Amino acid sequence: MALALTGCSNGSGSDASADAPASSTAAPSPATTHPLSTAPATVPAVREHRAARGPGWRPAPDAGVVVARGSEALADEGKLVAGELKVPYRGVAAARTGDVELVLDRDQDGGPESYAVRTEGGRVRISGPDEAGVFYGTRTLKQAVRSGGAMPEGTVQDAPDRPQRGFMLDIARKEFSVAWIEDRLREMADLKLNHFGLHFSDDQAFRIESTTHPEVVSPRHLTKDEVRRILALAASLHITVIPEIDSPGHLGAVLAHHPDLRLKDASGRVVQGAIDIGNPASGRLVDELIGEYADLFDGRYWNVGGDEYTALTWKDPQASFPALAAKAREEYGPEGRVQDLATAWVNDRAELVRGRVPKAWNDGFFPDGQVSVDKDVEVEYWTGKEIGARAPEEYLAEGRKVVNLNDEYLYYVLGEPNEFVYPTGQRIYEEWTPLVLRGTKPVPEKYSDQILGGRFAIWGDVAGAQTPDQIARGIALPLAATAQKVWDPRRPDRSWAEFEALAQQVS
């Protein structure tokens, strides 16, 4: 929601007479020759714009991008936006008329992702208390030039409503090239999205090179050097990559090479994708993989999975898996249940990645057990369709922090199996907010501070249903709408038709 805090945002307000010259012989001033500015047209929309009168700023032959003295850390941001605007990058230098100046101002109000863009006197000054905020200011400038040819006169003050704003990609079920992934990272950055979830292990494939267990790696996979290339680009765009080796379910590709660790039911039948959590060797195998990739992924977060452990989707897990039930009673007393073993599994994996923030899917959190998931594990809330489904309010009432991946709006499941339908940008834009965690009903506003943000997710269930190019086109508007609503969940000023046209214009 863009707010023109001075005058009328469309330049036709009655305040124009107040700026008229005192006499007809006075020289005209910029205030009388330019209409009052309107907010730059961007996705997501800027949250606050102080209007002013003036020509704004547009790229010109004598324009350039400079970095203020003491702000040398912004060199990469300066070089990037200079190239995008097709003007020279002049490094650390005093700003001249026509220039864009980038400034790190550690004392500037706002969080690390906040920024200000001041446009006056033929110059643009983008400042923020941290590099990320200044970077987002350059995204606003880039989009303003694309949508309107110029950065409007006046001042933008902007910051995100939620700290976690992202996109998740399943590369286990469907392979994607490095170049395709890099294109999505650039798309995310322009939308001011900052978290990229990478789900690279599942029943169908294990997609990253391994030295500890090369046997589990699928023939078509990313090398570690390719992953480092992805991580380097993400870091330069202020995007944190969240790796995920899902367990104790969804391990079919790993267990194909370790059949002795596969879970079996009471009749001895193998359960697809599920590891035997009663066997200590199971934990050692998964921990060796996590430990290896902990050296590769150095971001702040790690998703340990925890969802859809098949033993717990059966009507009576204790009867169907008596060996697990006996192990649970041995570990946790007469009231111990299979869910306690699964909860302890999540806690053990979370302990392994301590020093980062562990995450787990909501259906790995069980009530009324002998063991509870540790309170510092963030809940990735995606569904309320599981057996014994818990309402989102239950997690929030426990004081847990939650990230919204509501499968009603934010799940792009290839092939649309199991009653999934491809989400539309319009539904997200008009109906969804971070408070809408399950279905279409928001949770009470009192829980808002516990909901850290949201991520749009691609799942490759029917891998051949769409090509990568079709997927890129299919997610473009839903991703843009998600970006708008995690940056500012208020009702947008623009209609859907206006937003759709703008999103296509600035992309």
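In this chain, numbering begins with 1 at the start of the sequence shown. Since we're looking at a predicted model, the values are computed, not measured.
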K.L.:
Does Val46 reach the side chain of Tyr115, with side-chain heavy atoms less than 4.5 Å apart?
P.N.:
yes
K.L.:
Taking atom CG of Leu289 and atom CG of Leu251, what is their separation to the nearest 0.5 Å?
P.N.:
9.0 Å
K.L.:
Could I get the full list of side chain to side chain contact (heavy atoms under 4.5 Å, CB included) partners for Thr310, not counting sequence neighbours?
P.N.:
Val271, Ala274, Thr313, Trp314
K.L.:
Whether the side chain of Tyr293 engages the backbone of Ile245 through a donor-acceptor N/O pair (distance < 3.5 Å, no angle test) should be reported.
P.N.:
no
K.L.:
Going by the rule side chain to side chain contact (heavy atoms under 4.5 Å, CB included), which residues pair with Asp225 if we only count those two or more places apart in sequence or in a different chain?
P.N.:
Thr223, Arg228
K.L.:
So that I can tick it off, tell me whether Arg229 and Glu226 are bridged by a salt bridge, with the cut-off set at under 4.0 angstrom between side-chain N and carboxylate O.
P.N.:
no
K.L.:
Does this structure show an ion pair linking Arg438 with Asp407, if we count only N-O contacts that are shorter than 4.0 Å?
P.N.:
no
K.L.:
Taking everything shown except Lys401 itself, do over 12 heavy atoms lie less than 6.0 Å from its NZ?
P.N.:
no
K.L.:
Between Tyr411 and Thr383, do the side chains contain a donor N or O and an acceptor N or O under 3.5 Å apart?
P.N.:
no
K.L.:
Find the distance between CG (Asp76) and CD (Glu72) and round it off to the nearest 0.5 Å.
P.N.:
12.5 Å
K.L.:
Going by atom types only, do Glu113 and His238 share a side-chain donor-acceptor pair under 3.5 Å?
P.N.:
no
K.L.:
Show your reasoning for whether side chain to side chain contact (heavy atoms under 4.5 Å, CB included) applies to Arg47 and Asp161.
P.N.:
CA-CA 9 Å; Arg47 291 171 66 87; Asp161 185 75; 3.9 Å; yes
K.L.:
So does Arg139 pair up with Asp190, basic N to acidic O under 4.0 Å?
P.N.:
yes
K.L.:
Taking 4.0 angstrom as the limit, do Lys224 and Glu292 come out as a salt bridge?
P.N.:
yes
K.L.:
Once rounded to the nearest 0.5 Å, what's the spacing between atom CD1 of Ile230 and atom CD1 of Ile181?
P.N.:
4.0 Å
K.L.:
Apply the side-chain contact (heavy atoms from CB on, under 4.5 Å) test between Val134 and each candidate in Val67, Val81, Val103, Ile126; give the one that qualifies.
P.N.:
Ile126
K.L.:
Can a donor-acceptor pair be found, under 3.5 Å and without considering hydrogens, that links the side chain of Asp488 to the backbone of Ala45?
P.N.:
no
K.L.:
What's the spacing between Arg165 CZ and Met188 CE if we round to 0.5 Å?
P.N.:
9.5 Å
K.L.:
Looking only at non-hydrogen atoms, find the nearest pair between His195 and Ile242 and report the distance.
P.N.:
ND1-CD1, 3.8 Å
K.L.:
Are Pro59 and Lys86 packed together at the side-chain level, in the sense that at least one heavy-atom pair is separated by less than 4.5 angstrom?
P.N.:
no
K.L.:
Any side-chain donor-acceptor pair under 3.5 Å between Thr433 and Arg491?
P.N.:
no
K.L.:
Taking all heavy atoms of Gly249 and all of Tyr309, pick out the closest pair and write down the distance.
P.N.:
N-CD1, 3.8 Å
K.L.:
Spell out, as yes or no, whether a donor-acceptor pair under 3.5 Å connects the side chain of Asn404 to the backbone of Asn406.
P.N.:
yes
K.L.:
Okay, side chain of Arg106, backbone of Pro129: is any donor-acceptor separation there less than 3.5 Å?
P.N.:
yes
K.L.:
Counting only heavy atoms from other residues, nucleotides and ligands, does the tally under 6.0 Å from CG of Asp183 exceed 12?
P.N.:
yes
K.L.:
Which word best sums up how the rings of Phe206 and Phe200 line up, parallel for under 30°, tilted for 30 to 60°, or perpendicular for over 60°?
P.N.:
perpendicular
K.L.:
Is it the case that the side chain of Arg50 and the backbone of Gly154 share a donor-acceptor pair, with hydrogens and angles ignored and the cut-off at 3.5 Å?
P.N.:
no
K.L.:
Is any side-chain heavy atom of Ile451 closer than 4.5 Å to a side-chain heavy atom of Val443?
P.N.:
yes
K.L.:
Would you call Leu191 and Thr482 a side-chain contact if the rule is heavy atoms closer than 4.5 Å?
P.N.:
no
K.L.:
Would you indicate whether the side-chain heavy atoms of Glu101 and Ser127 approach each other to under 4.5 Å?
P.N.:
no
K.L.:
Restricting to non-hydrogen atoms, name the atom on Ala503 and the atom on Leu477 that form the minimum distance, rounded to 0.1 Å.
P.N.:
CB-CD2, 3.9 Å
K.L.:
State the CZ-CD distance between Arg118 and Glu153, to the nearest 0.5 angstrom.
P.N.:
11.0 Å
K.L.:
Taking only Lys NZ, Arg NE, NH1 and NH2, and the carboxylate oxygens of Asp or Glu, determine whether Glu244 and Lys359 approach each other closer than 4.0 Å.
P.N.:
no
K.L.:
Considering non-hydrogen atoms only, spot the tightest contact between Pro367 and Arg390 and give its length.
P.N.:
CD-CD, 3.6 Å
K.L.:
Check step by step if side chain to side chain contact (heavy atoms under 4.5 Å, CB included) holds for Val286 and Leu352.
P.N.:
CA-CA 11 Å; Val286 173; Leu352 187 65; over 6 Å; no
K.L.:
Please answer whether the main-chain N or O of Trp382 pairs with a side-chain N or O of Asn362 as donor and acceptor at a distance below 3.5 Å.
P.N.:
yes
K.L.:
Side-chain contact test, heavy atoms from C-beta onward, threshold under 4.5 Å: evaluate it for Arg173 versus His250 and give yes or no.
P.N.:
yes
K.L.:
May I have all residue pairs that pass ring-ring contact (aromatic ring centres under 6.0 Å, His included) and include part of residues 474-495, sequence neighbours excluded?
P.N.:
Tyr136-Trp487
K.L.:
Quick one: does Asp170's side chain get under 4.5 Å of Ile458's, heavy atoms only?
P.N.:
no
K.L.:
For a 4.5 angstrom cut-off between non-hydrogen side-chain atoms, does Lys174 reach Gln466?
P.N.:
no
K.L.:
Answer yes or no: is there a donor N or O on one side and an acceptor on the other, between the side chain of Ser507 and the main chain of Gln504, under 3.5 Å?
P.N.:
yes
K.L.:
Would you list the atom pairs, donor with acceptor, under 3.5 Å between side chains in residues 413-424 and any protein atom, with sequence neighbours excluded?
P.N.:
residue : atom : partner : partner atom : Å
Glu416  : OE2  : Tyr422  : N            : 2.7
Tyr422  : OH   : Gly415  : N            : 2.8
Thr424  : OG1  : Arg427  : N            : 3.1

K.L.:
For Thr138 and Glu77, does a side-chain donor sit closer than 3.5 Å to a side-chain acceptor?
P.N.:
no
K.L.:
Tell me whether Asp99 contacts the main-chain N or O of Arg123 through its side chain, where contact means a donor paired with an acceptor under 3.5 Å.
P.N.:
no
K.L.:
Has the side chain of Asn194 got a donor or acceptor atom that lies under 3.5 Å from a matching backbone atom of Pro163?
P.N.:
yes
K.L.:
Which atoms form the tightest heavy-atom contact between Pro444 and Leu435, and what is the distance?
P.N.:
O-CD2, 4.4 Å
K.L.:
Please identify each residue that fulfils side chain to side chain contact (heavy atoms under 4.5 Å, CB included) with Asp374, with sequence neighbours left out.
P.N.:
Asn347, Arg354, Asp376, Val377
K.L.:
How are the rings of Phe167 and Phe196 set to each other: parallel, tilted or perpendicular (split at 30° and 60°)?
P.N.:
parallel
K.L.:
So, for Ala144 and Pro152, which heavy atoms are closest and what is the spacing to 0.1 Å?
P.N.:
CB-CD, 4.4 Å
K.L.:
Verify, without hydrogens or angle tests, whether Arg356 (side chain) and Trp302 (backbone) share a donor-acceptor contact under 3.5 angstrom.
P.N.:
no
K.L.:
What do the steps show when you test Glu308 against Glu386 for side chain to side chain contact (heavy atoms under 4.5 Å, CB included), and what is the final call?
P.N.:
CA-CA 8 Å; Glu308 296 184 316; Glu386 75 278 10; over 6 Å; no
K.L.:
Could you measure the distance from the OG1 atom of Thr467 to the CG atom of Asp469? Nearest 0.5 Å is fine.
P.N.:
5.0 Å
K.L.:
Please name all residues satisfying salt bridge (Lys or Arg N to Asp or Glu O under 4.0 Å) with Lys485, sequence neighbours left out, ordered by chain then number.
P.N.:
none
K.L.:
Assess the residue pair Tyr447 and Val402 against the criterion (side chain to side chain contact (heavy atoms under 4.5 Å, CB included)); give the C-alpha distance rounded to whole Å, side-chain angles, the decisive distance to 0.1 Å, and a yes or no.
P.N.:
CA-CA 10 Å; Tyr447 293 123; Val402 177; over 6 Å; no
